[in-house]
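Single-structure report; data block below.
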Protein chains: 2
Amino acid sequence: MVRKPTSKETARKPNMREAILAAAEELFATNGFNAVSVRDIAQAAGANPGSVTYHFKTKDGLLLEIYRRHCGPMNLRRSELLAAARRVRDLQDRLEAVVRAYVVPAFTSGSDLAGGGARFTRLRAVMSAEGNEVARKIIAQTFDDTSHAFIDAIHDSLPHIPRTDIVWRSHFLLGALYYSLVTPDRVSRLSRGEADGSDAASAIEQLVQATVAAFQAPALDQAAPVRRRPVVSSKT
Amino acid sequence: MVRKPTSKETARKPNMREAILAAAEELFATNGFNAVSVRDIAQAAGANPGSVTYHFKTKDGLLLEIYRRHCGPMNLRRSELLAAARRVRDLQDRLEAVVRAYVVPAFTSGSDLAGGGARFTRLRAVMSAEGNEVARKIIAQTFDDTSHAFIDAIHDSLPHIPRTDIVWRSHFLLGALYYSLVTPDRVSRLSRGEADGSDAASAIEQLVQATVAAFQAPALDQAAPVRRRPVVSSKT
DNA sequence: ATGTGATTTGTACTATCGTACAAAAGATCA
DNA sequence: TGATCTTTTGTACGATAGTACAAATCACAT
């Protein structure tokens with residue numbers, strides 16, 4: 001219903017570039033990068049294989065563009081929610097708000113893309129599992145800042161827990177988050193149909209509740225495990 | 001396949017069949033199924049591509065054999081540890097013992113294969129992410145019984161928590177477990193070198209501690225999906 | 001030593017991969 | 001309308017995929 005002054009700016013046809021991106025996102029997220037061919041993507045998008053080359057040059061370029069499309073909005077959303085969470089006074093409530101600020105944007109759309117949040121997060125999970133190089137580079141330089149910000153925020157809410165423990169637990173959080181998006185059917189199956197693993201709202205509430213409790217667990221005093229010393233070397 | 005009384009049945013050379021299995025396991029676990037070619041595997045094993053066909057017929061057959069090799073021992077080990085855990089009197093201690101019985105065999109070898117436990121579990125994580133069909137079938141018919149047994153055992157230790165919540169939380173546990181094996185370097189990076197993500201002992205202790213706390217979290221009463229109510233000041 | 005069955009090798013076949021590129025089609029504006 | 005730019009199509013090429021199969025090799029009982 002948007003009026004069109006001149007019908008020049010957008011193709012009247014359903015934008016093929018977008019269709020290819022959406023199809024690739026879906027296929028990569030469910031089957032992995034190498035299992036999906038450029039021809040598969042083109043067919044799913046109702047396009048010609050050559051069209052993919054025209055718009056994105058290479059298959060890697062297509063993946064890169066998917067990341068570019070989502071990373072900005074999602075991290076922006078996370079920053080906003082994190083800033084709001086940091087202003088919560090009560091420490092217990094703040095911890096939950098921080099965790100929620102991390103989890104919610106991963107499940108819901110970070111931009112105008114319909115339901116793109118969960119799909120993109122699932123894509124990230126799969127690329128991570130496959131050790132995809134293109135993804136690894138983008139992740140390290142795009143998400144590590146965000147991760148540190150969240151770890152710091154959580155640490156502020158739990159000053160008595162060593163940072164190392166916070167890192168481990170936030171790592172577990174991301175793993176649980178990823179896995180919830182990768183195989184939601186497993187939840188439905190193991191609960192004998194009593195839970196719907198693909199229901200984002202349930203997943204978020206369950207994940208937040210469980211994770212807050214995990215963060216609040218007592219610290220692991222490393223004293224006992226005398227085995228190997230905790231790596232004194234420099235960074236890396 | 002017919003066994004002979006004489007000592008001729010096994011190859012005297014460093015068993016090439018084993019070498020191929022080990023190489024495939026490693027490559028699949030780190031790069032995914034489709035990213036690895038039969039030629040890659042053969043080269044890593046110091047074998048000829050045709051040798052893979054001879055021993056395993058197809059690439060899927062090779063993956064199938066990897067699963068067959070590990071599933072039995074790992075589930076046996078888990079059953080033993082679970083049975084022992086169930087005999088722990090104290091409910092709190094029993095919960096931890098049950099979680100440990102689930103986690104430990106995934107990190108350590110379930111058979112005589114050196115360090116094969118973690119590698120195989122990582123393989124499972126990657127196949128799960130890729131939605132591999134061969135793996136999905138085996139998993140559903142091999143691990144679901146074990147998963148139900150663990151869920152029941154945990155539920156026994158936490159009778160006041162709805163089974164649905166237990167299922168979600170055990171799902172998160174598996175996701176965290178998988179992710180710890182998939183990208184251990186992320187832990188090292190985010191902790192700025194203070195933690196070693198690839199140290200199995202640390203991973204186990206951290207995971208057990210965090211997971212026990214997550215299971216002990218209060219139940220999510222699904223009664224009213226009320227507004228996002230950040231627990232105003234109910235208890236404090 | 002020699003025969004025999006179990007393995008390993010080398011090679012070849014077909015299918016499909018990612019990508020390139022010229023031609024066709026469509027859109028925009030003088 | 002025709003000129004020009006953007007997008008789509010169709011096709012082709014070289015590389016590599018999984019797999020098959022005959023020949024060569026090996027280990028060992030005789």
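Letters go in sequence order (proteins before strands), and every chain restarts at 1. Every heavy atom of this structure was used, including side-chain atoms; hydrogens, water molecules and symmetry mates were not.
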A:T53 side chain near C:dA20 phosphate (N/O to OP1/OP2, under 4.0 Å)
no
Output the rounded distance in Å from CG (B:N15) to C1' (C:dT8).
13 Å
Taking the side chain of A:S51 as heavy atoms from C-beta outward, which of D:dT8, C:dG18, C:dA20 is closest to it?
D:dT8
On the nucleotide D:dT16, are OP1 or OP2 found under 4.0 Å from the side-chain N or O atoms that B:S37 carries?
no
Taking the six-membered ring of A:Y67 (Phe, Tyr or Trp), confirm whether the NZ or CZ of A:K137 is under 6.0 Å from its centre and within 45° of its axis.
no
Whole-Å distance separating the CZ atom of A:F28 from the P atom of C:dG18
8 Å
Less than 4.0 angstrom between a side-chain N/O of A:Y54 and OP1 or OP2 of D:dT8, yes or no?
no
Quick one: does B:T121's side chain get under 4.5 Å of B:M74's, heavy atoms only?
yes
Here the distance between atom P of C:dC17 and atom CD1 of A:I41, to the nearest Å, is 11 Å
Is there a side-chain contact between B:N48 and the phosphate of C:dT8, meaning an N or O under 4.0 Å from OP1 or OP2?
no
NZ/NE/NH1/NH2 to OD/OE distance under 4.0 Å, A:K57 and A:E65:
no
Within 45° cone and under 6.0 Å: A:R122 NZ/CZ vs A:Y178 ring:
no
For the pair made of CG in A:N34 and P in D:dT16, what is the distance, rounded to whole Å?
14 Å
Short side-chain N/O contact to D:dT8 OP1/OP2 from A:H55, under 4.0 Å
yes
For the side chain to side chain contact (heavy atoms under 4.5 Å, CB included) test, which of B:L81, B:L82, B:V208 pairs with B:R100?
B:V208
From CD of B:Q43 over to P of C:dG10, roughly how many Å is that when rounded to an integer?
13 Å
Over how many whole Å does the gap from A:L64 atom CG to C:dG18 atom P extend?
17 Å
Calculate the interatomic distance between B:M16 atom CE and D:dA27 atom C1'; express it in whole Å.
15 Å
Assuming nearest nucleotide by heavy-atom distance, tell me which of A:F33 and A:G50 is located more 5' along DNA chain C.
A:F33
Interatomic distance where CZ belongs to A:R39 and P belongs to D:dT11 [whole Å]
13 Å
